[in-house]
Amino acid sequence: MSRQLELAEGPEGEIALALHRNAAAAGRKADELAAEAAAEFPAPEGIREVRAVGAYLNFAVDPVWLARRTFGLLARSGRRYGGSDGPAETVCVEHTSANPTGPLHVGRIRNSIIGDTLARVLRARGHAVTTQYYVDDVGRQAAMVTWIWARPPSEWPEEIRRAVEGSRLDDASERADVRYGRPYPAVSAYLKTHPEAAAEVGAITEALEAGRSPPRHREIARATLEGMMVSLARIGVTFDEFVWESSFLADGSVARVLEALRSAPHAVREENGALAIDASGRNLPKESDRIVVARANGTSLYVTRDVAYHLQKLARFPRAIDVMGQDHLLHARTLEVLLGEVGETRRPQFVLYQYLTTPDGGGMSTRKGTAVHLDHLLDEATERARAEVRLRWPESPPEAVERISQGVASGAVRYHIARVAPDKAVAFRWEDALSFEGRSGPFVQYAFVRATSLLRKSGSGGPFALDAAQLAALEELALVRAIARWPRIVAYVERTYHVHAIATYAHDLAEAFNRFYQQVPVLKAGAERESRLALVDGARTTLGAVLDLLGVPTLERM
RNA sequence: GGGCGUGUAGCCUAGCCUGGAUAGGGCGCCGGGUUCCUAACCCGGCGGUCGGGGGUUCAAAUCCCCCCACGCCCGCCA
């Protein structure tokens, strides 16, 4: 019944109960039953009136009761409103984990934003969350970067030099991800037509997989990663831990995994001596029913190292969440099978999302030159925001313009990515990503600014006492209801990991505030002034809490 | 061929888990709103076979089946 109540919440704040089922069970007509029930049903606490509308029983929520309850909770929790101090779990959220081979592009940040937002939500709900970035410093892609930078640009193959001509090649002051990543697409193309070079890269890969690290390899990967983190910091994404894939080779845990797999229940030898797990009957595609975990020469594969990583992760974190593109689904299933083979009973949880594509539906790829770099997008967004700020606030000090522009840009980008359900493929369009209006981050930020401005101009630091009985306007009641919904939204996201619901709610709340702001005078109000300031304060706190979880900066002015 | 996902107005999208009253928003378009708390706002209008078909049900965007379209995956790559 409580389920039906929530689902059927109407625009006037009433809660509706459909009586068809009850009527059928009682052999009655639904509308008659509703009328009868309305007459007899005593209004429970918080309900002002029980009324029959057709076959529905409508419970009108008492706005005074709702406002008192909501603002009581708000006063106790402040900016942590919507959070919880229920039973805490130890959780790991792994996200982004892009190869350290160059600057982050927009296609990657859906992972970052989903993961970071989820981590924020789980933290707000009281869990002990550790975010991890799994750094693949062992595979072929990292090897390619190491290969080209093993010599100075002056000694690079002519084709590669030509492809990056005109760029500063050896400028140590340049950010490392940009610098080291620049030749990457050209190297990738070059290797396709130069088998001897590909063999050299292969040798590096083999060395890495055998646990050896070529000169400069580690240094370049680390510096590149640091550069990438500068980009992510611009949208408020940081990590607690970086876990290097090579560390599982170095500490022997991959070897131990291989040992365990050799005597695993379904271990088999391939004809050439490779070690595999027979996964037939495990609901994997037929072609994948042999999971090769070690080559004939004994070196490990990505999935093998991933087993070592997850064994460590699951030992530390009872709840381990991996955010990954849905193209990794089969890999996830394979990983689960292998964890079972080595006797691990726990499993990670996977949050899958569809990739961001280019407007024509193609994949974003650095190699193909179809990627939009995160920095480029943020620079463009910041530039647009600057123009807007100067227009609205001509005498603004330059540092304020910068702070606001960067906050707006960051908010616009984060919101734009967070707003869509992860199951949907999203085509990246500049004009959409750079929108500051409508269903956007700045729309929500602006509502927060308006509320802040009202409180600042009130001449009082608060706190303001809410006299719930003075709330009368429809816009006031709607705003109270919107504020009251927030804890349920956070709880929903905690349960489903559907972080986009936060973005949807953020817009709804901002809209409710804007309508109130438009219709109801605050500073010039008479007897209701204090109550309205309290309402503004509550809306501001809630907007702030929502923006915090979205990772969208809150601004005092814009 | 198999698996996973998606299909909602010109474009983008929420709702689908857990069926319920006229399917919410946004962009764009048309028309309004500032002597008053920031117009990155608000109000009104136009625009919908919820991919198609069948089924279950008093009731289907929502559950089941079939089909179509699109994306992704099915390496001793990562």
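No experiment lies behind these values; they were computed from the predicted model shown. Convention: sequence-line order gives letters A, B, ...; per-chain numbering from 1.
- Cation-pi geometry between A:Arg450 and A:Tyr517 is satisfied (NZ or CZ under 6.0 Å from the ring centre, within 45° of the ring normal).
- Both distances falling under 3.5 Å, in either a Watson-Crick or a G-U wobble arrangement, place B:G31 opposite B:C43.
- Base-pair partner of B:G7: B:C68 (Watson-Crick or G-U wobble, both distances under 3.5 Å).
- Taking atom C1' in both B:G28 and B:C66, the straight-line distance is 38 Å, to the nearest Å.
- With hydrogens and angles ignored, a donor-acceptor pair closer than 3.5 Å exists between the side chain of A:Gln326 and the base of B:C72.
- Within 3.5 Å, a donor on the side chain of A:Arg495 pairs with an acceptor on the base of B:U18, or the reverse.
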**Request:** Mind running salt bridge (Lys or Arg N to Asp or Glu O under 4.0 Å) on A:Arg532 and A:Glu476 for me, showing each step along the way?
**Result:** CA-CA 8 Å; A:Arg532 288 182 183 166; A:Glu476 290 177 294; 3.3 Å; yes
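- Ring planes of A:Phe248 and A:Tyr134: tilted class, angle from 30 to 60°.
- At least one side-chain nitrogen or oxygen of A:His500 sits closer than 4.0 Å to the OP1 or OP2 atom of B:G15.
- Residues A:Tyr415 and A:His500 keep their aromatic ring centres 6.0 Å or farther apart.
- The pairing partner recorded for B:A61 is none, the criterion being a Watson-Crick or G-U wobble arrangement whose two distances lie under 3.5 angstrom.
- If you look at A:Tyr302 and A:His331, their ring centroids are closer than 6.0 Å.
- The shortest distance between the side-chain N/O atoms of A:Arg305 and the OP1/OP2 oxygens of B:A78 is below 4.0 Å.
- OP1 or OP2 of B:C77 has at least one side-chain nitrogen or oxygen of A:Arg295 nearer than 4.0 Å.
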**Fill in**
Whether each nucleotide of nucleotides 25-33 of chain B has a protein heavy atom under 4.0 Å at its base (B), only at its sugar-phosphate (S) or at neither (-) is summarised, 5' to 3', as SSS-----B
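- Donor-acceptor pairing under 3.5 Å, judged by distance alone, is present between the side chain of A:Asn58 and the base of B:A21.
- The side chain of A:Lys424 places an N or O atom within less than 4.0 Å of a non-bridging phosphate oxygen (OP1 or OP2) of B:A14.
- Pairing partner, B:U56: none, since no Watson-Crick or wobble contact has both distances short of 3.5 Å.
- A perpendicular orientation is assigned to the rings of A:Tyr355 and A:Tyr353, their planes being inclined by more than 60° (bins at 30° and 60°).
- Of all nucleotides present, none satisfies the Watson-Crick or G-U wobble test against B:G48 with each distance under 3.5 Å.
- In terms of position on RNA chain B, the residue among A:Ser453 and A:Ala510 whose nearest nucleotide sits closer to the 5' end is A:Ser453.
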